[in-house]
Structures are given as C-alpha cells and as structure tokens.
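Written below as structure tokens is the structure these notes are about.
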Amino acid sequence: MRLTRYFLPVLKETPAEAQIVSHRLMLRAGMIKQAAAGIYSWLPLGFRVLKKIERIVHQEQQRAGHIPMLMPTLQPADLWRESGRYDAYGPEMLRIKDRHGREMLYGPTNEELITDIFRAHVNSYKDLPLTLYHIQWKFRDEIRPRFGVMRGREFYMKDGYNFDIDRDAAIHAYNRHMVSYLRTYERMGLQAIPMRADSGPIGGDDTHEFLVLAETGESEVFYDTAVTDLKLGDRHIDYDDAEECAAIAKEWTTPYARTDETHDEALFAQIPEERRRRSRGIEVGQIFYFGTKYSEPMGAMVVNDNGERVPVHMGSHGIGVSRLVGAIIEASHDENGIIWPEGVTPFHVGLVNLRQGDAQTDNACEDIYKALAARGLETLYDDREERAGAKFATMDLIGLPWRITVGPRGLKNGVVELTCRRTGESEELSPEAAVERVAEIYTPHHAHHLGLPAGA
RNA sequence: CGGGGCGUGGCGCAGUCUGGUAGCGCACCUGUUUUGGGAACAGGGGGUCGUGAGUUCGAAUCUCGCCGCCCCGACCA
C-alpha cells in the first residue's frame with residue numbers, strides 16, 4: 001500500500017478524552033474514531049489489525065475442530081424469556097421494538113440462540129460432540145464505557161459453545177479450549193495466563209479467565225512466575241486426545257494464578273517468595289463449563305445409547321477480539337508508539353523513501369516494494385513528500401515491526417537499512433538481502449496457515 | 001447510578017470571572033528554499049463558540065432548561 005493513496009489520519013497531539021496508552025495510541029495512529037460513548041468506527045489501519053486477530057482466532061478454532069457459523073446481532077426477546085434471562089440481564093441489555101411492536105434485543109451473548117439452533121436440529125448422541133462458534137458484534141450497555149475499545153459498549157467477540165453427551169466429554173471440550181486459547185494468544189505475541197475465576201452471571205462449575213499482564217489492567221492478579229515461563233511453542237497437539245489436552249491444561253493451571261475474585265492469600269503464601277507476583281491484568285477471554293444449566297430449561301436434549309432423552313452438557317467460551325487490539329498495545333508499546341507483534345501487525349514492513357522524487361531512490365523503492373509483494377508480504381510504502389523525521393515518526397507511531405529505509409546515502413554503497421521497531425537496531429543490507437530477511441522473519445507466521453480448511 | 005469536570009475551525013487550547021463584533025499552535029492550500037529523526041519563510045482558506053429559551057442596545061461570556069463527552073467509584077469479553 002502506498003501511503004499517498006491510503007487513509008491514515010495520524011494525529012500529532014493526543015485527543016483530550018483518551019486516558020490510557022492504548023486508547024491514545026489508537027487515536028493517534030488513526031486506527032479508530034469514536035462515534036458515541038463506547039462505540040467506535042474502525043479506520044483502515046485499525047480494521048486491518050482487527051481482521052488479523054480475527055483470522056488467528058478462526059484458524060486456531062478450526063484447528064481444534066470447532067465449526068464456524070454466524071448468528072445475528074438482533075434477537076427476539078421470547079428466546080430470552082424462555083431461559084429466564086430477559087429479566088435477569090437488566091439494563092445492560094439493549095432492548096428495541098420493531099415496527100410491529102415486537103420486542104427485540106441487541107445480543108450481549110448468544111447462549112439462547114445457539115441452544116435454539118441446537119434443539120431444532122440435533123437429536124442423537126451420535127451427533128455429538130459438537131462445538132459451534134462465531135465471531136460477531138455484541139452490545140452491552142455498560143454503565144460506564146471507557147478505555148477506548150477495551151471497554152466499549154459495542155465490541156467484537158468470538159463466542160463458542162460445546163455440546164457433549166456427558167460431563168467427561170464436556171471437560172475434554174473445556175481443556176481443548178484452554179489449549180487452543182493458549183495457542184491463539186501465543187500467536188498474537190501475547191502471554192495470556194489462565195486464572196481460576198468466578199463464574200458470574202453465566203453460571204457454572206468451572207471457569208478460567210485469560211489475563212494479559214499490563215499496568216492498566218482492570219483486574220488485580222496474583223501468580224507464581226512458574227506460569228509465565230510456560231510456552232506452547234511449536235509443539236504438535238492432537239486436539240482429539242483428551243489426555244493430552246488435560247495434561248497441557250494441568251501444566252498451565254498447576255502454578256498459582258488467580259484474580260482478586262478467587263485469590264487465596266494462604267495458598268499464595270506457600271509459593272517461594274521470589275516467585276510470587278502481584279500485578280494487574282486485562283481479561284481477554286474466558287471459558288466455562290456449565291453442565292445442563294441452559295440445556296435443561298430450554299430443552300436441548302439428545303437420545304443417548306440407551307434410548308433415553310438426556311440434557312446435553314454445555315460449555316461456552318469467549319475471546320474479546322476488539323479488546324485484544326487494545327490489550328496488545330497495552331502490552332507492547334514505547335514512548336514513540338505502538339510495537340506490533342509480527343502475528344497481528346497491520347502491515348508486515350514499512351518502506352521509507354528518504355528522497356521522494358529522486359529517480360534513484362524512487363526506483364530502488366519501487367523494486368523493493370514489488371519484491372516484497374512477490375514474497376506475499378504486505379508493505380506500507382511511505383511515498384509522501386515528507387522529511388525523514390516525519391516519516392520515521394509516523395512509522396514508529398503506527399508500530400510496524402520492521403522498516404526498510406532507502407536513501408541516497410546508502411544507495412551510493414548499494415545498501416538499504418533494515419530496522420527492528422522493538423529493539424531499534426538497524427543493519428545495512430543490499431536491497432535483495434533486506435527483502436530476503438523480512439521474508440524469513442515472517443516464514444513461521446505464514447506457516448500457521450498451512451493445513452487448515454479453506455476460508456480459515 | 002452517586003461524585004467531579006468539559007463542550008470555541010479537523011486536533012490541542014486561550015478568551016468566559018469583569019458582556020463590546022472570535023484568537024493562538026498544529027493540521028490544510030499556494031509559492032520559494034530545504035531534505036537521514038515531526039523544516040523555514042511568505043501568502044491563503046476554514047468557526048451559526050453543543051443546543052433551546054431568557055436578560056441586554058449588544059451574549060462565546062450572565063440566567064434557566066436540554067443534549068453530548070470525559071474522569072473517579074460499584075459492574076463486565
């Protein structure tokens with residue numbers, strides 16, 4: 001993408017309303033524009049990141065065997081009366097009437113809809129296990145939206161629902177989700193720690209929240225540093241293997257890690273002091289096992305192998321996709337701007353032409369731009385008539401992890417500069433070698449896409 | 001919902017107390033000179049001062065109502 005043909009309204013000054021760093025940087029980098037309290041337009045750069053995150057979530061869900069679909073944002077009130085949540089949900093649910101006076105609501109979550117779909121079409125234990133999910137906009141009329149996309153009223157969320165014949169099978173689904181979530185966050189360059197949590201209004205026996213450590217997090221968290229040393233890396237995982245999933249879940253949930261809701265000071269005190277940490281975290285996901293809480297009242301039953309009608313065991317699982325954009329920035333920035341992890345960066349590499357209009361540098365940039373595209377890399381080419389300082393400042397602000405700088409001085413010696421946004425380190429390379437290096441850097445990220453279903 | 005604050009060109013602000021015909025910086029447009037970390041100079045365009053009513057010869061400024069937004073708290077992906 002050529003910057004002169006793009007839409008990137010960066011701001012030099014910080015809008016007054018933004019308090020936390022991710023909100024400030026998202027506004028300054030031209031990623032979002034507020035439409036109303038807690039409601040945002042996603043401008044092109046922000047939209048790109050949102051879609052990158054969404055894609056990773058889709059890929060990892062499907063890798064775990066979960067099935068994508070899409071449910072509407074508007075739902076009929078009657079379904080919620082059936083589950084008993086129409087009144088229970090309170091003013092946080094946005095209620096609307098259509099032209100015929102029928103009561104509708106803008107979905108804050110989808111348990112009712114998915115259960116309705118399930119009971120209409122699934123009748124036998126032979127159709128289980130089944131896990132369906134979608135990524136859709138939600139609306140919760142928060143008392144006080146704040147922190148930009150981190151606590152919006154309208155937000156983009158992956159929510160999934162598993163249906164299993166009994167408790168054991170549902171627990172496997174729970175563990176499988178934990179593993180696939182760990183992998184999802186790792187690909188985004190995040191460490192999200194599963195922490196035992198309260199089930200809250202959704203209810204259930206078992207639940208973990210995934211917390212990203214950050215100063216500005218809304219939750220107080222307590223953990224053993226043993227948990228932050230864990231990494232999935234590129235280990236192969238068989239998601240159908242209940243024991244393997246359980247083992248990995250156990251590995252991550254054995255070290256102490258809890259939010260203030262479930263914190264136990266006595267247990268915490270047993271951890272060696274040098275490993276004890278008290279910090280803050282941003283919740284970026286949660287998984288639940290809730291047994292037959294919805295299936296019973298709503299009649300989501302199947303016939304088991306004895307010919308008996310039994311309620312299915314369910315769980316639900318969420319990832320805050322739009323919130324993750326903010327959470328990643330909270331976890332990865334410096335005084336000059338955002339630092340995107342390679343997995344979610346809006347563009348893989350920035351190309352800076354230091355002497356726009358000079359035939360030699362223009363040509364060198366065009367060649368590099370084409371060579372990067374040929375390698376399947378997304379480049380933001382700053383071809384504006386701006387001075388070097390302005391171009392560097394823009395690149396630093398929007399946080400592309402790698403930058404290729406092309407100027408007459410380097411070209412005289414046949415080199416360009418490849419700079420790492422995170423470390424600030426640069427190396428001088430021939431244009432061909434620079435392209436090659438960037439391609440190498442992104443090879444593992446592109447490898448994730450292999451072996452997945454079309455559309456993933 | 002309780003408490004606090006703010007609405008003035010796209011952004012950041014001054015002007016409001018003490019009413020007198022709207023200003024600064026950034027951004028934008030034109031030109032010249034610049035060009036490896038947010039350039040300089042010259043010229044230029046853009047604002048019913050959130051909104052409605054009232055007071056007044058005269059309202060961004062005073063009074064009352066309404067709307068919107070932000071911050072702190074209790075709640076949530």
Side-chain angles (χ1 to χ4, degrees), chain A residues 9-20 23-24 27-28 30 33-39 53 57 89-93 107-110 135-160 181 192 197-202 207-212 217-219 259 261 281-288 316-327 336-337 352-358 361 382 384-397 403 405-412 416-417 419 424 426 428:
Chain A
V10 299
L11 303 173
K12 253 189 189 173
E13 283 164 302
T14 305
E17 75 265 17
Q19 295 299 310
I20 65 166
H23 190 194
R24 283 202 297 266
L27 290 167
R28 287 197 51 212
K33 163 118 175 51
Q34 180 169 326
I39 302 178
I53 292 172
V57 172
Y89 222 95
E92 214 169 275
M93 184 153 72
T109 175
N110 287 69
I135 300 178
Q136 178 62 292
W137 292 96
K138 307 285 188 287
F139 194 92
R140 294 185 193 170
D141 203 354
E142 295 277 345
I143 297 168
R144 183 152 93 88
R146 64 188 122 167
F147 304 149
V149 300
M150 301 262 284
R151 175 160 303 288
R153 290 194 292 172
E154 189 184 47
F155 59 97
Y156 202 42
M157 176 177 160
K158 172 261 167 180
D159 50 317
Y181 274 29
D198 251 0
S199 56
I202 294 181
T207 177
H208 280 86
E209 290 178 348
F210 292 77
L211 279 291
V212 172
E218 292 187 87
S219 319
T259 66
E261 293 171 342
I282 301 164
E283 189 190 337
V284 293
Q286 188 161 11
I287 55 178
F288 298 90
S316 76
H317 336 87
I319 293 180
V321 175
S322 49
R323 170 180 285 186
L324 271 166
V325 180
N336 295 321
V352 170
N353 185 342
L354 291 179
R355 190 70 64 87
Q356 201 71 44
D358 174 87
T361 51
D382 191 343
R384 294 173 302 167
E385 303 278 350
E386 284 287 347
R387 296 162 65 94
K391 293 193 177 191
F392 291 149
T394 299
M395 283 295 175
D396 288 349
L397 174 62
R403 185 183 85 205
T405 308
V406 181
R409 209 164 71 190
L411 288 178
K412 216 174 286 174
V416 297
E417 202 172 78
T419 307
S426 294
E428 296 200 328

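Just so it is clear, the structure is predicted and the values come from calculations on it, not from any experiment. Just so it is clear: chains get the letters A, B, ... in the order the sequence lines come, proteins before strands, and each one is counted from 1.
Here B:G12 sits opposite B:C24 as a Watson-Crick or G-U wobble pair (both hydrogen-bonding atom distances under 3.5 Å). Across all strands shown, B:G47 forms no Watson-Crick or G-U wobble pair with both distances under 3.5 Å. Of the nucleotides present, B:C1 is the one that pairs with B:G73 by Watson-Crick or G-U wobble criteria, both distances under 3.5 Å. When both pairing distances are held under 3.5 Å, B:U63 makes a Watson-Crick or G-U pair with B:A53. When both distances must be under 3.5 Å, the Watson-Crick or G-U wobble mate of B:A39 is B:U33.
Residues A:Val321 and A:Met157 are not in side-chain contact: their nearest non-hydrogen atoms beyond the backbone lie 4.5 Å or more apart. Residues A:Tyr89 and A:Arg140 meet the side-chain proximity criterion, which asks for heavy atoms closer than 4.5 Å. In this structure, the side chains of A:Met395 and A:Thr419 stay at 4.5 Å or more apart for every pair of heavy atoms. Contact check for A:Thr394 versus A:Glu386: no side-chain heavy atoms found under the 4.5 Å cut-off. At least one side-chain heavy atom of A:Arg323 sits under 4.5 Å from a side-chain heavy atom of A:Glu283.
Contact annotation: A:Lys12 side-chain N/O to B:A27 OP1/OP2 distance is under 4.0 Å. Side-chain N/O atoms of A:Gln34 include none lying less than 4.0 angstrom from OP1 or OP2 on B:G68. In this structure, A:Arg144 does not reach the B:A74 phosphate: none of its side-chain N or O atoms is under 4.0 Å from OP1 or OP2. Remark: A:Gln19 is not in phosphate contact with B:C71, judged by side-chain N or O atoms under 4.0 Å from OP1 or OP2.
Nearest-nucleotide positions on RNA chain B place A:Ile143 closer to the 5' end than the other of A:Gly152 and A:Ile143. Map A:Ala37 and A:Leu354 each onto its nearest nucleotide of RNA chain B; the residue landing nearer the 5' end is A:Leu354.
The same atom, P, is picked in B:C64 and in B:A42; the two are 47 Å apart, to the nearest Å. The gap from the P atom of B:A22 to that of B:U35 amounts to 42 Å, rounded to the nearest Å. One P atom belongs to B:A60, the other to B:U48, and the distance between them is 12 Å to the nearest Å. B:A14 and B:G2 have their C1' atoms separated by 33 Å, given to the nearest Å. With both ends at atom P, the span from B:A59 to B:C49 equals 11 Å, rounded to whole Å. Taking the C1' atom of each, B:C69 and B:C11 are spaced 16 Å apart, rounded to whole Å. Comparing the P positions of B:G10 and B:G54 gives an interatomic distance of 28 Å, to the nearest angstrom. The P atoms of B:G5 and B:G52 are separated by 26 Å, rounded to the nearest whole Å.
Side chain of A:Thr361 to main chain of A:Arg355: a donor-acceptor pair is present (N/O by atom type, distance under 3.5 Å, no hydrogens or angles). Under the 3.5 Å distance criterion, the side-chain polar atoms of A:His317 are matched with a main-chain donor or acceptor of A:Gly160.
Using a 4.0 Å heavy-atom distance criterion, A:Val284 is classed as a sugar-phosphate-only contact. Using a 4.0 Å heavy-atom distance criterion, A:Asp159 is classed as making no nucleic acid contact. Backbone-only engagement by A:Gly285 is indicated by non-hydrogen atom pairs under 4.0 Å involving sugar-phosphate atoms exclusively. Among the protein residues, A:Ala18 comes within range of no part of the nucleic acid, since none of its heavy atoms lies under 4.0 Å from any strand.
Between the C1' atom of B:A77 and the CZ atom of A:Phe147 lies a distance of 15 Å, rounded to the nearest Å. In this entry the distance linking CD of A:Glu142 with C1' of B:C1 reads 14 Å, nearest Å. A straight line from CG of A:Leu27 to P of B:C69 spans 15 Å, rounded to a whole angstrom. One interatomic measurement links the two molecules: CD of A:Glu92 to C1' of B:A74, which rounds to 12 Å at whole-angstrom precision. We find that CZ of A:Arg153 is positioned 14 Å from C1' of B:C70, with the value rounded to whole Å. Distance A:Phe139 CZ to B:A77 P: 16 Å, rounded to the nearest Å. Between the NE2 atom of A:His208 and the P atom of B:A77 there is a distance of 15 Å, rounded to whole Å. The CG atom of A:Asn336 sits 11 Å away from the C1' atom of B:G38 (whole-angstrom rounding).
Looking at A:Thr207 and A:Gln286, their side chains do bring a donor and an acceptor atom within 3.5 Å of each other.
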Test side-chain contact (heavy atoms from CB on, under 4.5 Å) on A:Lys138 and A:Asp159; report intermediate values, then the result. CA-CA 10 Å; A:Lys138 307 285 188 287; A:Asp159 50 317; 2.8 Å; yes

Checking side-chain contact (heavy atoms from CB on, under 4.5 Å) for the pair A:Leu397/A:Asn336: CA distance, chi angles, key distance, verdict? CA-CA 6 Å; A:Leu397 174 62; A:Asn336 295 321; over 6 Å; no

As a quick check of understanding, evaluate side-chain contact (heavy atoms from CB on, under 4.5 Å) for A:Leu354 and A:Arg409, giving each step before the final call. CA-CA 10 Å; A:Leu354 291 179; A:Arg409 209 164 71 190; over 6 Å; no

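A tilted orientation is assigned to the rings of A:Tyr181 and A:Phe210, their planes being inclined by 30° to 60°.
Distances were taken from every side-chain heavy atom of A:Arg146 (C-beta onward) to each of B:C72, B:C69, B:G37; the shortest belongs to B:C72. Comparing B:A77, B:C69, B:A74 against the side chain of A:Arg323 picks out B:A77 as the nearest. Between B:A77, B:G38, B:C69, one nucleotide has an atom nearer to the side chain of A:Phe155 than all others, and that is B:A77. For A:Thr405, the side-chain atoms get nearest to B:G36 when compared with the rest of B:G36, B:C70, B:G37.
Within residues 384-394 of chain A, the residues having any heavy atom closer than 4.0 Å to RNA chain B are, in order of number, A:Arg387, A:Ala388, A:Gly389, A:Ala390, A:Phe392, A:Ala393, A:Thr394.
Closest non-hydrogen pair, A:Arg24 versus A:Gln19, comes out as NH1-O, 2.6 Å.
For B:G38, its base sits under 3.5 Å from the side chain of A:Arg28 at one donor and acceptor pair at least.
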Which pairs, protein N/O on one side and nucleotides 7-12 of chain B N/O on the other, fall under 3.5 Å?
residue, atom, partner, partner atom, Å
B:C11, O2, A:Glu13, OE1, 3.3
B:G12, OP1, A:Ala16, N, 2.9

